[in-house]
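Here is the naming used below: chain letters follow the sequence lines, and residue numbers restart at 1 for every chain.
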Protein chains: 2
Amino acid sequence: MKKIDIFKKLRSSGLRPTKQRVEIAKFLFERDKTFHFTIESLDKLLAKKTTSRFALATIYNTVHAFKKAGHLSEVDVRGKKTYFDTNISNHHHFYDNETSELIDIDASEVVIQKIPKAPNGKKIKNVEVFINLKN
Amino acid sequence: MKKIDIFKKLRSSGLRPTKQRVEIAKFLFERDKTFHFTIESLDKLLAKKTTSRFALATIYNTVHAFKKAGHLSEVDVRGKKTYFDTNISNHHHFYDNETSELIDIDASEVVIQKIPKAPNGKKIKNVEVFINLKN
DNA sequence: CTCCTAGTTTATAATAATTCTAAAGTAAAA
DNA sequence: TTTTACTTTAGAATTATTATAAACTAGGAG
Ligand SMILES: [Mn+2]
Ligand SMILES: [Mn+2]
Ligand SMILES: [Zn+2]
Ligand SMILES: [Zn+2]
């Protein structure tokens with residue numbers, strides 16, 4: 001993803017392409033594979049991989065802005081920290097409890113044959129499959 | 001579940017049947033249907049439904065002791081609070097985002113036809129299906 | 001029973017993750 | 001170039017949870 005595309009992505013989301021947002025967007029979106037992270041891990045990686053400095057609040061702000069704009073999704077993981085995901089398509093996860101690592105599972109890799117109908121007046125928004133791993 | 005059974009349940013878990021534990025166990029386990037809760041909701045309900053007083057730390061301690069003993073399970077729900085579940089069998093959930101309510105799905109209600117194999121050197125511990133609801 | 005002790009409860013402090021605040025800085029419209 | 005709304009920032013505040021240590025108690029030994 002080129003700089004111009006980062007700018008487009010931000011602009012089209014109503015986000016000014018500030019130095020911080022562009023740097024964080026480049027770090028998050030200029031990759032081939034899905035990236036799963038917590039604010040803490042992102043903070044550390046940005047400190048290591050970039051020369052810019054980011055206030056922690058800016059990282060929170062930016063990640064939430066990206067999530068709100070639909071460029072990031074959130075994954076439910078047991079524990080206290082919130083996990084984010086650059087894969088915004090409908091997909092599932094392995095979770096390795098030993099390493100606290102998430103691994104993507106493409107939606108096509110999971111076929112559900114039977115599922116209960118939603119309770120009265122409710123509809124199914126989406127189905128998440130979470131596969132816990134052990135050694 | 002009678003008082004004698006509550007005592008047995010506690011004793012067999014190596015937990016002294018104290019006034020607080022017995023009260024909380026009665027509240028949690030003397031019911032027909034699954035009960036899903038957070039520490040905060042349990043605290044409020046205990047305050048309303050019982051005459052005893054419980055320090056918040058005692059509720060945390062007791063719930064964790066019950067979980068460790070296998071009498072409660074924990075459910076991954078998006079958000080900051082930890083959810084607990086009196087249903088300790090393998091099962092799945094609907095989650096109603098409007099009301100923040102969990103609804104049990106019996107394991108037999110979900111049939112998965114296809115699932116990817118675990119990554120190298122890892123095994124599948126369990127599969128959790130989480131169905132988000134909308135109105 | 002009475003005493004003893006390990007286990008338990010409790011109020012409070014500490015910690016960890018996240019959000020809020022308000023002042024200073026900046027992108028971009030006018 | 002000026003203005004303005006948006007953004008960043010450091011630090012304070014909040015929320016959920018865990019740790020601490022003093023007071024209390026269940027239950028066994030004597
Ligand atoms: Mn979580
Ligand atoms: Mn959670
Ligand atoms: Zn993912
Ligand atoms: Zn349940």
> Would one find a side-chain N or O of A:Y60 under 4.0 angstrom from OP1 or OP2 of C:dT18?
Replying inline: yes
> So, is A:H64 near the phosphate of C:dT19, with a side-chain N or O under 4.0 Å from OP1 or OP2?
Replying inline: yes
> If you find the nucleotide of DNA chain D closest to B:T18 and the one closest to A:G14, which residue's nucleotide is nearer the 5' end?
Replying inline: A:G14
> How many Å lie between NZ on A:K68 and P on D:dT7, as a whole number?
Replying inline: 11 Å
>> I need the CG-P distance between A:D43 and D:dA10, as an integer number of Å.
In response: 11 Å
> Does the side chain of B:T82 get closer than 4.0 angstrom to OP1 or OP2 of D:dA16 through an N or O atom?
Replying inline: no
> Can you tell me how far P of D:dT20 sits from CG of B:L56, to the nearest Å?
Replying inline: 18 Å
> The side chain of A:T58 lies closest to which of these nucleotides: C:dT10, C:dT26, D:dT8?
Replying inline: D:dT8
>> If I take atom OH in residue B:Y83 and atom P in nucleotide D:dA16, what distance separates them, rounded to the nearest angstrom?
In response: 11 Å
>> Looking only at the side chain of A:R16 (C-beta and beyond, no hydrogens), which of the listed nucleotides C:dA28, C:dA11, D:dT9 gets closest?
In response: C:dA28
> Are B:K44 and B:E40 within salt-bridge range, i.e. N to O under 4.0 Å?
Replying inline: yes
> Would you find a donor on one side and an acceptor on the other, under 3.5 Å apart, between the side chain of B:T86 and the backbone of B:L28?
Replying inline: no
> Heavy atoms, side chains only, cut-off 4.5 Å: are B:L15 and B:T62 in contact?
Replying inline: no
> Over how many whole Å does the gap from B:F7 atom CZ to D:dG27 atom C1' extend?
Replying inline: 12 Å
>> With a 4.0 Å limit, can you tell me whether A:Q20 has a side-chain N or O closer than that to the phosphate oxygens OP1/OP2 of D:dT9?
In response: yes
>> In whole Å, I'd like the distance from the CZ atom of B:R21 to the P atom of D:dC24.
In response: 18 Å
>> Given C:dA28, C:dT8, D:dA19, identify the nucleotide with an atom nearest to the side chain of B:A57.
In response: D:dA19
> Taking all non-hydrogen atoms of both residues, which atom of A:F29 and which atom of A:H71 are closest, and how far apart?
Replying inline: CE2-O, 3.3 Å
> Are any of B:K81's side-chain N or O atoms less than 4.0 Å away from OP1 or OP2 of D:dA16?
Replying inline: yes
> About how many Å separate OG of B:S41 and OH of B:Y83, when rounded to the nearest 0.5 Å?
Replying inline: 7.5 Å
